[in-house]
Student: 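Have a look at this one before I ask anything.
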Amino acid sequence: MLEVLIFATLNGLVTGLLLFMLASGLTLIFSMMGVLNFAHASFYMLGAYFAFSISQYLGFWAGLIFAPLIVGSVGALVERYGLRRVHKSGHVAELVFTFGLAFLVEEAIQFIWGRDTKNYQSPDILDFPLFTLFGQEFSAYRGFMIAISLGIFICLYRVLTRSRIGIIIQAAITHPNTVANLGHNVPLIFMGVFGVGTALAGLAGVIAGPVLTTFPGMAAVLGSIVFVIVVIGGLGSLAGAFIASLLIGLLQSYAIASDVGMPELLNLIGVSFESSHPLNDLWTLTLPQVAPILPFLLLVLVLIFRPTGLLGKREE
Amino acid sequence: MGMIKKLSVWIGYLIVLLALPQFFDSILAISIFNQMAIAIVFSLSYNMLLGQGGMLSFGHAVYFGLGGFLAVHALILIEFETVYFSILFIPLIGGVIGLLAAIFIGSFSTRKAGTIFAMISLGIGELIAATSLIFTDFFGGEAGISGDRTFGPLFFGVDFAQDLEIYYLAAIWVFIATVFMYLFTQTPAGRMANAVRENPERAEFIGYSARRVRFISFCASGLFAGIAGGLFALNYEFITEENLNAITSGRVLLMAYIGGLGYFIGPIIGAVILTLMNSLLSNYSELWMLYLGIMFILTVMFLPRGFAGFIMMHQTAWLRGNLKQLALPYLISGIPAFLFSMTCVAMIEMMQTEEQSFSFFGMQLATDAALTWIVAITIAVAAFYATRRSLPQLRDAWESANAIPASEKTES
């Protein structure tokens, strides 16, 4: 029981931190532009595919460095020539634009790389068990994922709160006109933040690609969950996004690892049903089965009872 | 006069709907018309939310899908003679289910519009799609469920085994649904939906609850989405999880947006265009979804009011009798622009195909010869340059066609 708990916690931590890498960029972009970037997970997918192609020629580590840079540049271009143009037509048009972008990226990836799953591998150097606990191995690559995500989180936090550019960014979020009057190029800051946010998503794709498999549906798998996180955490709140990422990561991991369900619950209250009962599916439901829908259930509940999210202040 | 004009538009619509199979009677055409009929009702119902009510939904397929699932179950019940009624009313069953689902979900989701509403709709959509895969007895899992529409009492001897018979049934339903959706826009509730979309605060100040207004639009929209789902069930006689998940929700958003949200006729245009692309283009190219994506992005960027908006842009010029002035500049810009996009399509297809020779509009292109590529790229660059050069002329012509004539200027 204990080893299940420990491994579920570690795996939940890996997923949660990975989700935070996506959610942090999405949250920053939302607080700046007021638009939820539907295509955020598409940049994550682009990161994995770019890294796959680079790793074919130059190895994993070159992909780790160059792929996020390329994704960030693509993101900056999208902001400059796409979003900025659509901005005139209002928020709905912006949201619809990013939705279309997500659609287009998925199709473009199928066109360029094909529909099949890519054999994107983690580097050999990290191909050993980091430690063995109760006879189960925890791979070094997962440890590496935790290290990278934590490193990014600390860097991001320090840059945003301690550096000059971070202070300008924070000011531009709340008072764009004042910042512009002080002589800063606010559109350039927006473009930069969009670029960095998408580059973070790309980086998440680079390190997640070998573990979560690189295939054209990988954006759809994570995309809506990242949305769930930024909404649960409170739109625009970085700390909230961090808590919500870990919460969702752990929740899903525990749900998958657990072996309880309706049969146990029914036993507990001493009720039983025939297998021919019309609601048989409901009475045999187990927790691992409902794991994929838990985040969305949480989202709907949060939006009904606390529409601002855990730490959000923004009220529309 | 206005009344007669309006009435004649509706009669024309009915005649077109009923006469279409007389002109195109192949099996393919009938199946495309059936898809169109479903798409028209579905995208019009979506426009009630986004276009008229300002509520961006990423989960509209829920009402379509639930309506469709219950409709197929109703077909099964008719088949096993548990209930006895004509399949004419199957779309109505879908509609009632869509309405009930919308009443339940709308009771909490319409509190806010904007991003919150969009997120709730996304969450509900994912929730129901994922749940449907768990309850395999009712939803049939990945394979879905199927029924048979030929049972139940005959309608004047017609058993609806043929697609053509289903088309006439669908056409009548499309007409009824369109009329009611149009009439809804004319009711106070429909008018207030526009007001709440534009400025909920002002609408509340004159005494309307924005939430209630949104709720009414939401329920009406769910009803018609369910009717579309019922039509789907009748036409295909099966339904799967894909019909209530994000793919279908996304497709209806694309349809309504490309057609034009601001106009009642917009979603009809979008439904027709997308169904045609879906069924015709997919025969020629595996990449039609890629082209659809590009078309959608370009529409959002350059035609924010969709195709209907593009047509309506010419109203001023038309009223002034200046439409003729625009014809030549349109040709001058349009021909190179068309050439550019076609060359791009040819290059994309050449990259995709694995064969050495590739047929494009009757031309045989050698895909591995450098010369083909050089020619294609040259044509593309030249056409792009020509288009750009001609744009200022087009803009001048546009402005002069829309300019206020000197005689009117002096009066005002």
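Here is the naming used below: chain letters follow the sequence lines, and residue numbers restart at 1 for every chain.
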Student: What's the spacing between B:Y291 OH and B:L281 CG if we round to 0.5 Å?
Tutor: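 Reported value, rounded in 0.5 Å steps: 8.0 Å.
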Student: Which atoms of B:I348 come close to chain A, meaning under 4.5 Å heavy atom to heavy atom: side chain ones, backbone ones, both, or neither?
Tutor: both
Student: Sort A:R84 into side chain, backbone, both or neither according to what part of it lies under 4.5 angstrom from a heavy atom of chain B.
Tutor: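 It is neither, since no heavy atom gets under 4.5 Å.
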Student: For A:L299, is it the side chain, the backbone, both, or neither that has a heavy atom closer than 4.5 Å to a heavy atom of chain B?
Tutor: side chain
Student: Does any heavy atom of chain A fall under 4.5 Å from the side chain of B:A118, the backbone, both, or neither of them?
Tutor: side chain
Student: With side-chain contact (heavy atoms from CB on, under 4.5 Å) as the criterion, how do B:Y63 and B:S221 come out once you've worked through the C-alpha distance, each side chain's angles and the decisive distance to 0.1 Å?
Tutor: CA-CA 9 Å; B:Y63 314 99; B:S221 168; over 6 Å; no
Student: Check whether B:R197 reaches the backbone of B:M55 with its side chain - one donor and one acceptor, N or O, closer than 3.5 Å.
Tutor: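 The answer is no, because no donor-acceptor pair under 3.5 Å joins these two groups.
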Student: Name the option with the most non-hydrogen atom pairs under 4.5 Å to chain A; the candidates are B:L290, B:I294, B:L287.
Tutor: B:L290
Student: Below 4.5 Å from any heavy atom of chain A, which atoms of B:L56 appear? Answer side chain, backbone, both or neither.
Tutor: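 Answer is side chain: those atoms of B:L56 sit under 4.5 Å from chain A.
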Student: Among B:S109, B:S121, B:S249, which one satisfies side-chain contact (heavy atoms from CB on, under 4.5 Å) with B:S57?
Tutor: B:S121
Student: Between A:F103 and chain B, which part of the residue has a heavy atom less than 4.5 Å away: side chain, backbone, both or neither?
Tutor: side chain
Student: Any non-hydrogen side-chain atom of A:L298 less than 4.5 Å from a side-chain atom of A:L247?
Tutor: yes
Student: Please tabulate, one pair per line, all N/O donor-acceptor pairs under 3.5 Å involving side-chain atoms of residues 299-308 of chain B, not counting sequence neighbours.
Tutor:
| residue | atom | partner | partner atom | Å |
| --- | --- | --- | --- | --- |
| B:T299 | OG1 | B:M295 | O | 2.5 |
| B:R305 | NE | B:Y263 | OH | 3.3 |

Student: Would you check if A:V228 and B:E126 make a side-chain contact, meaning some heavy-atom pair closer than 4.5 Å?
Tutor: no
Student: So which of A:L95, A:V96, A:L36 has the largest heavy-atom pair count under 4.5 angstrom toward chain B?
Tutor: A:V96
Student: Is B:L127 in contact with chain A via its backbone, its side chain, both, or neither, using a 4.5 Å heavy-atom distance?
Tutor: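 Both parts, heavy atoms under 4.5 Å.
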Student: Relative to chain A, which segment of B:L50 carries a heavy atom at a distance below 4.5 Å: side chain, backbone, both, or neither?
Tutor: side chain
Student: Under a 4.5 Å heavy-atom cut-off, does chain A meet the side chain of B:L253, its backbone, both or neither?
Tutor: side chain
Student: Is it true that a side-chain atom of A:T15 and a backbone atom of A:G249 form a donor plus acceptor pair closer than 3.5 Å?
Tutor: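 It does not hold such a pair.
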